[in-house]
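In what follows, chains are A, B, ... by sequence order, proteins preceding strands, each numbered from 1. The structure displayed is predicted, hence computed values, not measured ones.
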Amino acid sequence: MKYWLLKSEPDSFNIEDLKNSPGQSTLWEGVRNYQARNYLLAMKKNDLAFFYYSNCKEPAIVGITEVIAEAIADATQFDPRSKYFDPKATIEKPRWFNPRIKFIQTFKKSVPRGVLKEVLPDMLLLSKTRLSVQPVQKHEWIQIQRLAGVKNAK
DNA sequence: GCCAACGTTGGC
DNA sequence: GCCAACGTTGGC
């Protein structure tokens, strides 16, 4: 099983929005960066992902989601009215794929970027500023849950 | 709101 | 294929 981190701007889609979605799940659409794309393709069912708030007052990891379906062709790439439309993508050869992720929990105590800098200074999140999907190491995963005060961590 | 980092585009 | 120009991300 692998661990991931997904960035979202809380003004556009936050973890409450995910919780309130049908089935408490959503397709992770709209990523148009090749490195992130490769990570999205590598996200497999049962993998877990942190939900991170970017571009906001207090950037932080706020909760946990689980991958429940993998590598679904991103519908927005075929839609000329979508801002994510990709004229080079075809139904036969899609270029962009989504995992479906499900809400697991919102941390009672979110873990701010500032704390991550102190405790886990080597995290990819702190150096790869523009990568919206990233892998998380197991020891980082465990440590962050501890910082968030999660009991029965997995 | 500023601006550094960095990915993408397009002319040559 | 290089690289300047440009656009976006995202912390601060």
Nearest heavy-atom approach of Met43(A) to Ala49(A) is CE-CB, 4.3 Å
Could you check how far CD of Gln35(A) sits from P of dA5(B), rounded to whole Å?
18 Å
Rounded to whole Å, how long is the line connecting atom CG of Leu125(A) with atom P of dT9(C)?
16 Å
Between P on dG11(C) and CD1 on Ile61(A), what's the gap in Å once rounded to a whole number?
12 Å
On the nucleotide dC12(C), are OP1 or OP2 found under 4.0 Å from the side-chain N or O atoms that Arg113(A) carries?
yes
dT9(B) P sits how many Å from Asp86(A) CG, rounded?
9 Å
Rounded to whole Å, the NZ-P distance (Lys128(A) to dG11(C)) equals 15 Å
Would you tell me if any nitrogen or oxygen in the side chain of Tyr53(A) comes within less than 4.0 Å of OP1 or OP2 on dG11(C)?
no
Is it the case that the side chains of Thr76(A) and Arg81(A) hold a donor-acceptor pair, with the cut-off being a distance below 3.5 Å and no angle test?
no
Nearest whole angstrom, please: distance from the C1' of dG11(C) to the CG of Leu126(A).
11 Å
Under a 4.5 Å cut-off applied to non-hydrogen side-chain atoms, are Trp96(A) and Arg32(A) in contact?
yes
Let me know, please, whether Lys88(A) or Asn55(A) comes out on the 5' side of the other along DNA chain B by nearest nucleotide.
Asn55(A)
Return no unless some side-chain N or O of Lys7(A) is found under 4.0 Å from OP1 or OP2 of dT9(C).
no
Given atom OH of Tyr84(A) and atom P of dT8(C), what is their separation to the nearest angstrom?
12 Å
Could you tell me whether the side chains of Arg113(A) and Tyr53(A) share a donor-acceptor contact shorter than 3.5 Å?
no
From C-beta outward on Lys117(A), which listed nucleotide comes closest to its side chain: dG10(C), dC12(C), dT8(B)?
dC12(C)
Euclidean distance, atom CD of residue Gln134(A) to atom C1' of dG10(C) [Å, nearest integer]:
12 Å
